[in-house]
Amino acid sequence: AVAPVAVDTRPVRFIDIIETSKLLRAALKECFPAGKFSVRSHRYAGGSSIRVNWPDGPTQREVEPILKAFEGASFDGMQDLKTSHDSTLNGERVRFGNDYVCGNRSYSVAFLTQVARQVTDRLQIPMPEILSSGPECVAYIKDNDHQRYWDEQAREHGASDLATAP
């Protein structure tokens with residue numbers, strides 16, 4: 001015998017992209033009170049999305065589950081298919097007006113200097129060059145011989161790691 005499939009018959013409340021952006025900003029502030037997040041909505045032909053940018057602070061891995069919770073669609077690349085879906089918000093069945101939420105973490109010179117100092121002290125290696133570029137002065141570590149290693153170190157260090165470091 002085949003088990004019956006449960007169908008959720010609760011009504012669905014539509015939440016437009018502007019309200020979703022506000023809810024997302026509030027959730028990020030609640031989870032990361034010291035974080036500074038820029039939350040921007042974008043509408044385009046065929047859909048809409050929310051972009052979240054933040055400097056330093058929590059890692060991408062820490063923020064990603066919150067961002068994903070506010071997505072109104074998923075994409076199956078094998079079928080080239082976007083599918084809208086319902087979500088649950090505070091026990092209520094909702095549909096977010098945006099399709100996707102994308103996050104991007106940037107680094108300040110001060111943050112990368114702290115990360116590099118921890119690593120160089122631990123490994124007894126020379127301090128790499130730390131530069132900034134672009135109109136927002138996004139910092140990066142320049143070390144052609146070990147670039148992948150430094151990129152990984154920056155991604156994995158959160159502000160809380162540095163605050164508790166010796």
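Quantities reported herein were computed from a predicted structural model and do not represent experimental measurements.
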Next item on the list: Identify the two heavy atoms, one from P33 and one from E30, that lie closest to each other, and give their separation to 0.1 Å.
Entry: CD-O, 3.9 Å

Check: Checking S48 side chain against G97 main chain: does a donor-acceptor pair fall under 3.5 Å?
Finding: yes

Checklist line | E62 side chain to T59 backbone, donor-acceptor under 3.5 Å | finding: yes

Notebook entry, point to check: Does Y149 share a hydrophobic cluster with L112, counting links as ILVMFWY side-chain heavy atoms below 4.5 Å and allowing steps through other members?
Noted result: yes

Next item on the list: Output the distance between atom CZ (R105) and atom CG (N53), rounded to the nearest 0.5 Å.
Entry: 13.0 Å

Check: Can you tell me how far the CG atom of L23 sits from the CG atom of L28, to the nearest 0.5 Å?
Finding: 11.0 Å

Margin query: If hydrophobic clusters are built from ILVMFWY residues whose side chains come within less than 4.5 Å, do F70 and F75 share one?
Written below: no

Checklist line | Side chain R13, main chain E92, donor-acceptor under 3.5 Å | finding: no

Next item on the list: Mind listing the closest non-hydrogen atom pair of P58 and F37 along with its distance?
Entry: CG-CZ, 3.9 Å

Item checked: Spacing of L67 atom CG and R51 atom CZ [to the nearest 0.5 Å] -> 10.5 Å

Next item on the list: Check the hydrophobic clustering (I, L, V, M, F, W, Y; side-chain heavy atoms under 4.5 Å; chains of links allowed) and say if V52 and L89 are grouped together.
Entry: yes

Next item on the list: Show the numbers, then the answer: is there a salt bridge (Lys or Arg N to Asp or Glu O under 4.0 Å) between R61 and E156?
Entry: CA-CA 8 Å; R61 187 176 300 152; E156 295 302 318; 3.2 Å; yes

Check: For A139 and S108, which heavy atoms make the closest approach, and how far apart are they?
Finding: CB-C, 3.5 Å

Checklist line | Validation row: S74, H85 side chains within 4.5 angstrom (heavy atoms) | finding: yes

Item checked: Q60 side-chain N/O to G103 backbone N/O, donor-acceptor pair under 3.5 Å -> yes

Notebook entry, point to check: Are Y100 and I66 joined in one hydrophobic group, where the rule is that I, L, V, M, F, W and Y side chains link up if heavy atoms are under 4.5 Å apart?
Noted result: no

Item checked: N-O pairing of E152 and R148 below 4.0 Å -> no

Notebook entry, point to check: Do the non-hydrogen side-chain atoms of L24 and I50 ever get within less than 4.5 Å of each other?
Noted result: yes

Note to self: Please check if the number of heavy atoms outside K36 that lie under 6.0 Å from its NZ is greater than 12.
What the structure shows: no

Checklist line | Heavy-atom check, side chain of W150 versus side chain of K142, under 4.5 Å | finding: no

Margin query: Please check this pair: side chain of R93 against backbone of R10, looking for a donor-acceptor N/O pair closer than 3.5 Å.
Written below: yes

Next item on the list: Search all heavy atoms of P126 against all heavy atoms of T120 and return the closest pair with its distance.
Entry: O-CG2, 3.4 Å

Margin query: I need the minimum non-hydrogen distance between V63 and F32, along with the two atoms involved.
Written below: CG2-CE1, 3.9 Å

Check: Do the side chains of H157 and Q118 get nearer than 4.5 Å, heavy atoms only?
Finding: yes

Check: Checking side chain to side chain contact (heavy atoms under 4.5 Å, CB included) for the pair M127/R117: CA distance, chi angles, key distance, verdict?
Finding: CA-CA 7 Å; M127 186 75 165; R117 184 156 290 123; 4.1 Å; yes

Note to self: Using side-chain heavy atoms (C-beta onward) and a distance below 4.5 Å, is Y140 in contact with S133?
What the structure shows: yes

Notebook entry, point to check: In Å, rounded to the nearest 0.5 Å, how long is the span from CD of E19 to CG of N98?
Noted result: 11.5 Å

Check: Are S49 and D99 close enough that a side-chain donor and a side-chain acceptor fall under 3.5 Å?
Finding: no

Check: Under a 4.5 Å side-chain heavy-atom rule over Ile, Leu, Val, Met, Phe, Trp and Tyr, are V109 and I141 clustered together?
Finding: yes

Margin query: Using 0.5 Å steps for rounding, measure from the OG atom of S21 to the CZ atom of F96.
Written below: 11.0 Å

Checklist line | Which atom of K82 lies closest to which atom of G46, heavy atoms considered | finding: NZ-O, 2.9 Å

Margin query: Rounded to the nearest 0.5 Å, what separates atom CZ in R95 from atom CG in D16?
Written below: 14.5 Å

Check: Does the pair V94 and F14 meet the rule for a side chain to side chain contact (heavy atoms under 4.5 Å, CB included), with working shown?
Finding: CA-CA 6 Å; V94 298; F14 180 78; over 6 Å; no

